Peer 1: 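What follows is a single structure, and I will ask about it in a moment.
Just so we're clear, the structure is a prediction, and the values are computed from it rather than from any experiment.
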Amino acid sequence: MAEPVTTCIIAEDEALLRQALVERLAQAWPELHILAECEDGASALEAMAEHRPHVAFLDIRMPGLTGLEVATAAAEVSPRTQIVFVTAYDQYAIDAFERGAVDYLLKPITAERLSATVQRLQARSGNNDAATLATLLQRLAPVARAVDAPPPLTWITASAGRETRLILVEDVAYFRADNKYTTVMTAEGEALLRTPIKELLTVLDPDTFKQIHRSTIVNLRAIAGVVRDDSGRGTVRLKTRPETLAVSAPFMTLFRHM
């Protein structure tokens with residue numbers, strides 16, 4: 001009988017680093033089957049929920065959902081997935097890792113360090129310690145956001161017909177992807193922004209704006225309520241808008257930790 005295949009996903013927003021990790025894994029663990037290569041936290045969470053891989057390599061700092069947020073949600077949608085965090089050097093983070101059972105890789109990733117990580121993953125074989133992971137995630141929260149990141153966006157200019165509007169970001173109820181544009185919804189109506197959703201995630205305040213669907217970012221302060229249906233998906237009611245917003249099932253787990 002053939003040996004069961006070990007599966008994984010990789011989440012890294014920098015394409016060159018992601019490709020380098022794929023290539024090193026092919027050498028260090030030839031039997032590993034990579035199911036998805038993700039460039040942001042949202043796609044990583046969806047891949048976790050869809051595939052439930054044995055292993056996930058998660059960059060700690062990604063636009064939108066951080067690797068820590070993905071791991072927090074994955075504890076429910078894919079609890080047996082072994083997590084390996086990928087991080088730039090930060091002594092606070094390394095100290096936290098050294099005290100826990102969750103593995104980490106430092107950038108740039110060396111063949112020797114990856115080989116050691118592979119050996120530990122193979123030895124553990126899916127035996128997760130949920131309490132240890134939860135404690136580690138809490139301790140690592142301060143390093144999930146880059147300390148040198150620019151201040152969050154405070155206002156935007158968007159088009160409504162022939163008019164250009166100056167909109168305070170705090171007045172936005174939600175952003176929704178619209179082909180090459182992004183629809184901006186406020187209590188007064190909608191406008192169009194040329195900045196795509198993916199770029200917005202890098203400049204919005206992550207404590208106020210959360211991605212709830214691949215195409216939707218919502219202002220948490222604009223939410224009146226959230227309802228879950230029998231399939232696990234959710235619906236968001238807004239304070240200043242009559243329409244509701246769909247929440248993908250994997251993203252529903254994020255609301256339990258806010």
Peer 1: Determine whether more than 12 heavy atoms belonging to other residues, nucleotides or ligands lie under 6.0 Å from atom CZ of Arg241.
Peer 2: yes
Peer 1: Examine distances only and state if a side-chain atom of Thr72 and a backbone atom of Leu68 form a donor-acceptor pair shorter than 3.5 Å.
Peer 2: yes
Peer 1: May I ask you to say whether Asp59 pairs ionically with Arg18, meaning some side-chain N is under 4.0 Å from a carboxylate O?
Peer 2: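 Looking at Arg18 together with Asp59, the answer is no, because their closest N to O distance does not fall below 4.0 Å.
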Peer 1: Using side chain to side chain contact (heavy atoms under 4.5 Å, CB included), reason through Leu220 and Ile223 one step at a time and then give a plain yes or no.
Peer 2: CA-CA 5 Å; Leu220 296 180; Ile223 294 177; 3.9 Å; yes
Peer 1: Any side-chain heavy-atom pair from Glu31 and Thr6 closer than 4.5 angstrom?
Peer 2: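 Side chain of Glu31 against side chain of Thr6, heavy atoms only: no contact under 4.5 Å found.
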Peer 1: For residues Trp29 and Ile109: do they belong to one hydrophobic cluster (side chain heavy atoms under 4.5 Å, members Ile, Leu, Val, Met, Phe, Trp, Tyr)?
Peer 2: yes
Peer 1: Over all heavy atoms of both residues, which pair between Ala158 and Val184 is shortest? Give the atoms and the distance, please.
Peer 2: CB-CG2, 4.5 Å
Peer 1: Does the side chain of Thr87 reach to within under 4.5 Å of the side chain of Leu105, using non-hydrogen atoms?
Peer 2: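 They are not in side-chain contact.
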Peer 1: Could you measure the distance from the CE atom of Met185 to the CG atom of Asp171? Nearest 0.5 Å is fine.
Peer 2: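 Those atoms lie 13.5 Å apart.
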Peer 1: Which atom pair, heavy atoms only, marks the closest approach of Thr157 to Leu193?
Peer 2: O-CD1, 3.2 Å
Peer 1: In plain terms, say whether Arg165 and Glu188 are close enough for a salt bridge, that is, a side-chain N and a carboxylate O under 4.0 Å apart.
Peer 2: no
Peer 1: If I compare all heavy atoms of Thr240 with all of Ala187, which pair ends up nearest, and what's the gap?
Peer 2: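 Scanning both residues completely, I find the closest heavy atoms to be CB-CB, 3.8 Å.
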Peer 1: Return yes if a side-chain donor-acceptor contact under 3.5 Å exists between Gln27 and Glu23, otherwise no.
Peer 2: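 Not at all, the side chains of Gln27 and Glu23 share no donor-acceptor pair under 3.5 Å.
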Peer 1: Quick one: does any side-chain atom of Glu69 pair with a main-chain N or O of Thr66 as donor and acceptor, under 3.5 Å?
Peer 2: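 Between the backbone of Thr66 and the side chain of Glu69 there is a qualifying donor-acceptor contact (under 3.5 Å).
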Peer 1: Any chain of hydrophobic side-chain contacts (each under 4.5 Å) joining Val218 to Phe175?
Peer 2: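 Different clusters: Val218 never reaches Phe175 through Ile, Leu, Val, Met, Phe, Trp or Tyr contacts under 4.5 Å.
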Peer 1: Quick one: closest heavy-atom pair of Ala73 and Thr253, and the distance?
Peer 2: CB-OG1, 2.9 Å
Peer 1: Looking at Leu16, I want to see if its CG is surrounded by more than 12 non-hydrogen atoms of other residues, nucleotides or ligands under 6.0 Å.
Peer 2: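 12 or below, so no.
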Peer 1: Taking the side chain as every heavy atom from C-beta outward, state whether Gln211 and Leu201 have any pair of such atoms under 4.5 Å apart.
Peer 2: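 Yes, their side chains come closer than 4.5 Å.
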Peer 1: If you apply the rule side chain to side chain contact (heavy atoms under 4.5 Å, CB included), what do you find for Ser248 with Arg214, and how did you get there?
Peer 2: CA-CA 8 Å; Ser248 297; Arg214 183 178 291 270; over 6 Å; no
Peer 1: Can you tell me if Arg228 has over 12 outside heavy atoms packed within less than 6.0 Å of its CZ?
Peer 2: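 Atom CZ in Arg228 is packed in, count exceeds 12.
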Peer 1: Quiz question: by atom type and distance under 3.5 Å, do the side chains of His54 and Thr7 form a donor-acceptor pair?
Peer 2: yes
Peer 1: Let me confirm one number: the CD1-CD1 distance from Ile167 to Ile156, rounded to the nearest 0.5 Å.
Peer 2: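 One gets 5.0 Å once the value is rounded to the nearest 0.5 Å.
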Peer 1: Okay, side chain of His51, backbone of Pro53: is any donor-acceptor separation there less than 3.5 Å?
Peer 2: no
Peer 1: Any chance you could measure Arg176, atom CZ, to Leu245, atom CG, to the nearest 0.5 Å?
Peer 2: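 One finds 5.5 Å between CZ of Arg176 and CG of Leu245.
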Peer 1: Working to the nearest 0.5 Å, report the span between CG of Asn219 and OG1 of Thr208.
Peer 2: 6.5 Å
Peer 1: Are Glu199 and Arg194 close enough, and set up right, to give a salt bridge (charged side-chain N to carboxylate O under 4.0 Å, His left out), and what steps lead you there?
Peer 2: CA-CA 10 Å; Glu199 290 183 25; Arg194 292 184 179 273; over 6 Å; no
Peer 1: Considering non-hydrogen atoms only, spot the tightest contact between Ala44 and Ile9 and give its length.
Peer 2: O-CD1, 3.7 Å
Peer 1: Side chains of Arg233 and Val227: does their closest heavy-atom pair fall under 4.5 Å?
Peer 2: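 They are not in contact (no side-chain heavy atoms under 4.5 Å apart), so the answer is no.
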Peer 1: Quick one: does any side-chain atom of Arg52 pair with a main-chain N or O of Ala47 as donor and acceptor, under 3.5 Å?
Peer 2: no
Peer 1: Heavy atoms, side chains only, cut-off 4.5 Å: are Gln119 and Leu114 in contact?
Peer 2: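 Gln119 does not reach Leu114 side chain to side chain.
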Peer 1: Could you work out, with side chain to side chain donor-acceptor pair (under 3.5 Å) as the rule, every residue matching Asp40, not counting sequence neighbours?
Peer 2: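 Per chain and number, Asp40 pairs via side chain to side chain donor-acceptor pair (under 3.5 Å) with Ser43.
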Peer 1: Can you find a pair of side-chain heavy atoms, one from Leu58 and one from Val84, that are under 4.5 Å apart?
Peer 2: no
Peer 1: Are Ile217 and Leu65 in one and the same hydrophobic cluster, where Ile, Leu, Val, Met, Phe, Trp and Tyr link if side-chain heavy atoms are under 4.5 Å apart?
Peer 2: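 No: no chain of side-chain contacts under 4.5 Å links Ile217 to Leu65.
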Peer 1: Does one hydrophobic cluster hold both Val236 and Leu200, with members joined at side-chain heavy-atom distances below 4.5 Å?
Peer 2: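 Per the 4.5 Å side-chain linkage, Val236 and Leu200 are not co-clustered.
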Peer 1: Heavy atoms only: give me the nearest Pro63-Thr202 pair and the separation to one decimal.
Peer 2: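 Distance-wise, the nearest heavy atoms are CB-CG2, 3.4 Å.
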Peer 1: Rounded to the nearest 0.5 Å, what's the gap from OG on Ser159 to OH on Tyr181? Could you check?
Peer 2: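 The distance works out to 8.5 Å.
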Peer 1: Determine, stepwise, if the pair Thr235 / Asp229 fulfils side chain to side chain contact (heavy atoms under 4.5 Å, CB included).
Peer 2: CA-CA 8 Å; Thr235 301; Asp229 63 22; 5.8 Å; no
Peer 1: To the nearest 0.5 Å, tell me how far Glu190 CD sits from Tyr174 OH.
Peer 2: 7.5 Å
Peer 1: Output yes when Arg221 and Glu170 qualify as a salt bridge under the 4.0 Å nitrogen-oxygen rule, no when they do not.
Peer 2: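 Glu170 and Arg221: not salt-bridged.
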Peer 1: In the single-linkage hydrophobic clustering (I, L, V, M, F, W, Y; side-chain heavy atoms under 4.5 Å), do Phe251 and Leu238 co-cluster?
Peer 2: yes
Peer 1: Yes or no on side chain to side chain contact (heavy atoms under 4.5 Å, CB included) for Tyr104 and Val86, after CA distance, side-chain angles and deciding distance?
Peer 2: CA-CA 6 Å; Tyr104 70 94; Val86 183; over 6 Å; no
Peer 1: Kindly determine whether Lys198 and Asp13 satisfy salt bridge (charged side-chain N to carboxylate O under 4.0 Å, His left out), including the steps that lead there.
Peer 2: CA-CA 11 Å; Lys198 182 179 177 181; Asp13 62 319; over 6 Å; no
Peer 1: Are Val247 and His213 packed together at the side-chain level, in the sense that at least one heavy-atom pair is separated by less than 4.5 angstrom?
Peer 2: no
Peer 1: Would you say the side-chain atoms of Asp178 pair up with the backbone N or O of Thr182, donor to acceptor, closer than 3.5 Å?
Peer 2: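 The answer is no, because no donor-acceptor pair under 3.5 Å joins these two groups.
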Peer 1: Quick check against the 3.5 Å criterion: does Thr216 have a side-chain atom that pairs as donor or acceptor with the backbone of Ile212?
Peer 2: no
